[in-house]
Amino acid sequence: MFALLALASEGEVYSQAVGRGLNWLRANQRRDGGFAPRPLVEDCTWVTALVLLLPAPMLARFHARGALDWLLSKTGRESSWVQRLRVAMISGRVDRGAPEGWPWFPDTAAWVSPTSFAILALRKASQRDPRDEIRDRIQRGQEYLMSSVCEDGGWNHGSTKALGYEAPSYPETTGLALLALDDLPPSRVARSVERAKQYLQATRSLEAASWLHLGLLAHRQAFPPAPTYATRSRSTQEVALAAILRRALDGDDVFGAP
Amino acid sequence: MVSVRRHTAYDQSVYDSVRRLPIEHKLQVRGKRVVLKPNLVEFDSATTINTHPLLVHAALEAFRSLGAAEVRIAEGPGHRRITLDLADAAGYFQTIPSFEGLFTDLNLDDISAVLLKRPVSKLRTVYLPHTALRCDLLVSMPKMKTHHWVGATPGMKNLFGLVPGGVYGWPKNVLHWAGIDESITDLHAAFPNTFAIVGGIEGMEGNGPIQGTPKHCDVLVAGDNLPAVDATCCRIMGIDLLKIRYLRISAGSEALAESSILQAGKSVSSVQTNFQLLPNFQSIRLV
């Protein structure tokens, strides 16, 4: 998916390589509209959000509305109606605007990365689909992220404390979460932006550096160049992200709204 | 049988000691495919959190010298997605020649759906990576650490790293909902040909497995019966193994009694050193 997104960011919408990728995706879309991480896997997962990040001409090749509805139907297990009913019965009140994120895998808890990808996907979809439900989920997803900020200002996988002890954030999730929060007032993310800048100067990971750059760019922040040793790519995803970043620096952000 | 060997540092002597372990346990690895499964958790150059790369290299050399057809290193970290960068930060590229070619990221490996026989967790089927499913011997190589959910994390908890994040995510939260202790038991049952080498030369006490403090325990613990290895580790750490739920479920108290486990090398009492426990875990202290 990241390779397709990188090709899309380069304007390669109609190339043969992209066509093969899209045909593969179309063949693997499930009846409920979602996508599984591999053909063998029965369950559709968070990767559905990645598919929805593709530009409109690519989305036209399969049932994008079905994928969008699948994504909207998913929530962290802690936000399921069973859990909400339990909380309502105990507290005597229903919190309709409570933070609500997305899980990696159905029927499990919400975490930072899948929530960030879902917000990015819904934000793109909201340009084509004016449903209030989409705007509401974006907002509640962002509140989920804001409720998951670590003490140091960044984000980790989504567990800020373990047995009362503060857990530190990670560079890559900090960059990704900032990307998904680009429309929040600067004052709400100021500490996180500073944390991202600190990470960018220290990280040795090309993928982490790409996410940090993208996150800071989304908040129109000048950033220091990543250290030169953070340039070795080890995976397709890293190469793809670096390409996406390069285009984003030129003003064409594949994660941004069209 | 469980071997306990005394080592005060990760130095060249570890190579000789680790080479003797498969021989001592009569492991037949000639012509076989061996997978070494270290515990890579966090970007940490101090190797207090992750399995020490020298120990993994020593095992690689040991199984190669015994004629294994193939020895691979494989891991699927639970929280951090960028596995190779994580391994780099943990010193694996520096210590193990051609590491990248020897390594499989289990989070992204090809998978099969495995139907669990007699599961005790809520899982019925679990997707597992081919590298682990198709090997002849899986060697669990964790670090001796306390763990803020299950109490201690020697050989069996390390099997969580076999579950592919590429399917279940980071963390592999499906295992938590299915029951952590029960899932450990089911994963252990899914891999019958296992061996464990637990690195306790420098372990971790307190708020393990990530935020604890280094603890010099100066031991390597090894064996082909993972519950017995973990029970021995617990005794060394001053932890009451009967209060470690996954051990109770997996093997029961009788099989894990000290008298039931044949001991080689040093006695437990000669290397026993209490690991500090979080306040909520004081009840698991061995008295």
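Naming convention: chains lettered A, B, ... in sequence-line order (proteins, then strands); numbering from 1 in each chain.
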(message) Please rank B:P279, B:A113, B:P171 by heavy-atom pairs under 4.5 Å with chain A and give me the top one.
(response) B:P171

(request) Just give me the residue among B:H79, B:E42, B:R80 that pairs up with chain A most often, heavy atom to heavy atom, under 4.5 Å. (result) B:R80

(request) Could you tell me which portion of B:D105 (side chain, backbone, both or neither) has an atom closer than 4.5 angstrom to a non-hydrogen atom of chain A? (result) neither

(message) Ring centroids only, cut at 6.0 angstrom: are A:W211 and A:Y170 within range, meaning strictly under it?
(response) no

(message) Which atoms of B:Y127 are under 4.5 Å from chain A, going by heavy atoms: the side chain, the backbone, both sets, or neither?
(response) side chain

(request) Could you look at A:E238 and say if it's the side chain, the backbone, both or neither that has a heavy atom under 4.5 Å from chain B? (result) side chain

(message) Quick one about B:H130 and B:S112 (side-chain donor to acceptor, distance below 3.5 Å, no hydrogens or angles considered), yes or no?
(response) yes

(message) Against the six-membered ring of B:F93, is A:R204 placed for a cation-pi contact (under 6.0 Å from the centre, within 45° of the normal)?
(response) no

(message) Assess, by modelled atom type and distance only, whether the side chains of B:N50 and B:Y92 contain a donor and an acceptor separated by less than 3.5 Å.
(response) no

(request) With a 4.5 Å cut-off on heavy-atom pairs, point out which of B:L86, B:L108, B:N207, B:V174 contacts chain A the most. (result) B:N207

(request) Let me know if A:P171 has heavy atoms under 4.5 Å from chain B in its side chain, its backbone, both or neither. (result) both

(message) So for B:L278, is it side chain, backbone, both, or neither that comes closer than 4.5 Å to the heavy atoms of chain A?
(response) side chain

(message) Just by distance, no angles: are the side chains of B:Q282 and B:R285 close enough, under 3.5 Å, to form a donor-acceptor pair?
(response) no

(request) Please determine, by modelled atom types, if A:R26 and A:N23 share a side-chain donor-acceptor pair under 3.5 angstrom. (result) yes

(request) Please state whether the side chain, the backbone, both or neither of B:N280 comes within less than 4.5 Å of a heavy atom of chain A. (result) side chain

(request) Sort out for me which of A:T45, A:V41, A:D107 touches chain B most, counting heavy-atom pairs under 4.5 Å. (result) A:V41

(message) Quick check for you: among A:Y165, A:W46, A:W104, which has the greatest number of heavy-atom pairs under 4.5 Å with chain B?
(response) A:W104

(request) Identify whether NZ of Lys or CZ of Arg in A:R140 sits under 6.0 Å from the centre of the six-membered ring of A:Y144 and within 45° of that ring's axis. (result) no

(message) With chain A as the partner, which of B:I210, B:D109, B:T125 has the greatest number of non-hydrogen pairs under 4.5 Å?
(response) B:D109

(message) Between A:R38 (side chain only) and B:V167 (backbone N and O only), is there a donor and an acceptor less than 3.5 Å apart?
(response) no

